[in-house]
Number of protein chains: 2
Amino acid sequence: VSRSFAVDTAVERIQQGSYAAAIAPGWDIGGNANGGYLLAIAARAIALETGRPDPVTITAHYLSPGRPGPLSAEVRAVKQGKRFGVATAALYCASQPVLQALGTFGDLGQAETGVQRIEAQPPDLPPADECVRHSVEHGAPAMYQGLDLRLHPEDAGFRHGEPSGELRVRGWFRFADAGSVDTLGLLLAVDAFPPTSFNARLPVAWTPTIELTTHVRARPVPGWLRATFSSRFVSGGFVEEDGEIWDASGRLVAQSRQLALLPLAVAEKS
Amino acid sequence: VSRSFAVDTAVERIQQGSYAAAIAPGWDIGGNANGGYLLAIAARAIALETGRPDPVTITAHYLSPGRPGPLSAEVRAVKQGKRFGVATAALYCASQPVLQALGTFGDLGQAETGVQRIEAQPPDLPPADECVRHSVEHGAPAMYQGLDLRLHPEDAGFRHGEPSGELRVRGWFRFADAGSVDTLGLLLAVDAFPPTSFNARLPVAWTPTIELTTHVRARPVPGWLRATFSSRFVSGGFVEEDGEIWDASGRLVAQSRQLALLPLAVAEKS
């Protein structure tokens, strides 16, 4: 497991339902902590509270930006069943609510195998060293210091003012320390790529996430993850973004969807 | 608005955060209330508590089957912002938790118009009277008494033992009384169609929903809704189901995804 990710998402149990954590510096985009990073902290607290290691499905609604410093997590188990535990979690920065989450957790090490039917393929990517590293040195936000993210060359043009025109971003994902990605790390991975709207020639300044839902379908094997994100509906000031993460064995390990706001750039709005 | 749906999902405010409701008879599948119907009740309580009429994005995790009788709803507003209110809701049947929900609500009558980019089409359906009515008289569960649901003939073969083989179900949706569908009604619509697995030649007995997330993208205009549901990933005992609902003006009004369990038929499992 990535040591920096494990340390930077650590939670400490204070008493039943109460956890202490911190937003570590370096997981931000322009000062605000990444939504997937915050969700991983909430999920770690739920995993401890329910005694179930894996988020089978988890949803976060984002309430206010998270900035580096202490966090508290309040977790409430709403059901402890034979196979799954369901819990809510709230993260607070001082007394400010940052995130509200709801998840069903289980043990994906014990998942039934059963019937398989997969009607999709992992994204077709050039080898990682022929992709474009989205690095801090080349203008990516601070968060990318902890990540090794390689964009498909066709989807990386937005970095130099030549967006592809497609609502799509594909690439490779791993931690910068090459530590393996566990099922909590997947919650970061689904929110770690630049937004699809950056490739869409829309006058978009930024796309704050309202809500992010992730289904974790399996524990990833060690190695690079392949990811693809796309959007089909830009309307009414909203955009959805659908993600798929595939592991090095070619298995779908996570499916995500988020709903984001589409604030238009001020200059273009008038 | 459909009178029976409005009456059967009514909630009464007892005090701040506490609502009384009931699971009305006739919204069940084999005795258990439909998940979308239950979610509509929870959403109505959230709408009252937050003073925001429309579920912009709402997620429910299902905890135990709901049977006809009194319900109580506990709602907690976690944020009241300028544009959106965020709240959790729990439904209880006696003291048994039935459903836990988390939603961001707003007013979609005031939605910004802004940039539009839609990379999809409503499903291509034969006219409603050339489709197959999924009615109680022809073996559909009790819930379909209140609905007028017409399946695409290509997707209706599972009704007589001839599933299409595709993980897909398309059709028309309205209430049996032809009352219009509001944004709470959409929460029923996204869970009202037979599961895609019925068309998949899988040895599946039933697919209990673990979690259902719906983005409501606009208020539907009056008239028939067009719906399409599909699944791409059957693995590890889980299946996702993606839905889109389009209104009579050709606008996408809701996008949904659920994660369901895939218990295999006992006879086939051995």
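Proteins get letters first, then strands, A, B, ... in listed order; numbering begins at 1 in each.
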*asked:* Please identify, among A/L202, A/T88, A/V239, A/L167, the residue contributing the most non-hydrogen atom pairs under 4.5 Å to chain B.
replied: A/L167
*asked:* Sub-4.5 Å heavy-atom contacts with chain B: which residues of residues 42-58 of chain A show up?
replied: A/V56, A/T57
Chain A contact via [X] - which portion, at a heavy-atom distance below 4.5 Å:
X      : value
B/S230 : neither
B/R201 : neither
B/L252 : side chain
B/Q258 : backbone
B/V86  : side chain

_Between B/R217 (side chain only) and A/F233 (backbone N and O only), is there a donor and an acceptor less than 3.5 Å apart?_
yes
*asked:* To the closest 0.5 Å, what do you measure between CD1 (A/I210) and NE2 (B/H215)?
replied: 8.5 Å
_OG on B/S64 to NZ on A/K79, rounded to 0.5 Å_ = 6.5 Å
_Minimum heavy-atom separation for A/A120 and B/R232, please, with both atom names._
CB-NH1, 3.5 Å
*What's the shortest heavy-atom distance between A/Q116 and B/G236, and which atoms?*
NE2-N, 4.2 Å
_Non-hydrogen side-chain atoms of B/T213 and A/E211 separated by less than 4.5 Å_ = yes
*Which residues, numbered in order, of residues 96-105 of chain B come under 4.5 angstrom of chain A by heavy-atom distance?*
B/P97, B/Q100, B/A101, B/L102, B/G103, B/T104
*Which bit of A/E166 is near chain B, if near means a heavy-atom gap under 4.5 Å: side chain, backbone, both or neither?*
backbone
*asked:* Less than 4.5 Å to any heavy atom of chain B: does that hold for the side chain of A/T59, its backbone, both, or neither?
replied: both
_Top contributor to chain A contacts, counting heavy-atom pairs under 4.5 Å, from B/L259, B/I118, B/V78_ = B/L259
_With a sphere of 6.0 Å drawn around CD of A/E119, does it hold more than 12 non-hydrogen atoms of other residues, nucleotides or ligands?_
yes
*Under a 4.0 Å N-O cut-off, is there an ion pair linking A/R257 with B/E240?*
no
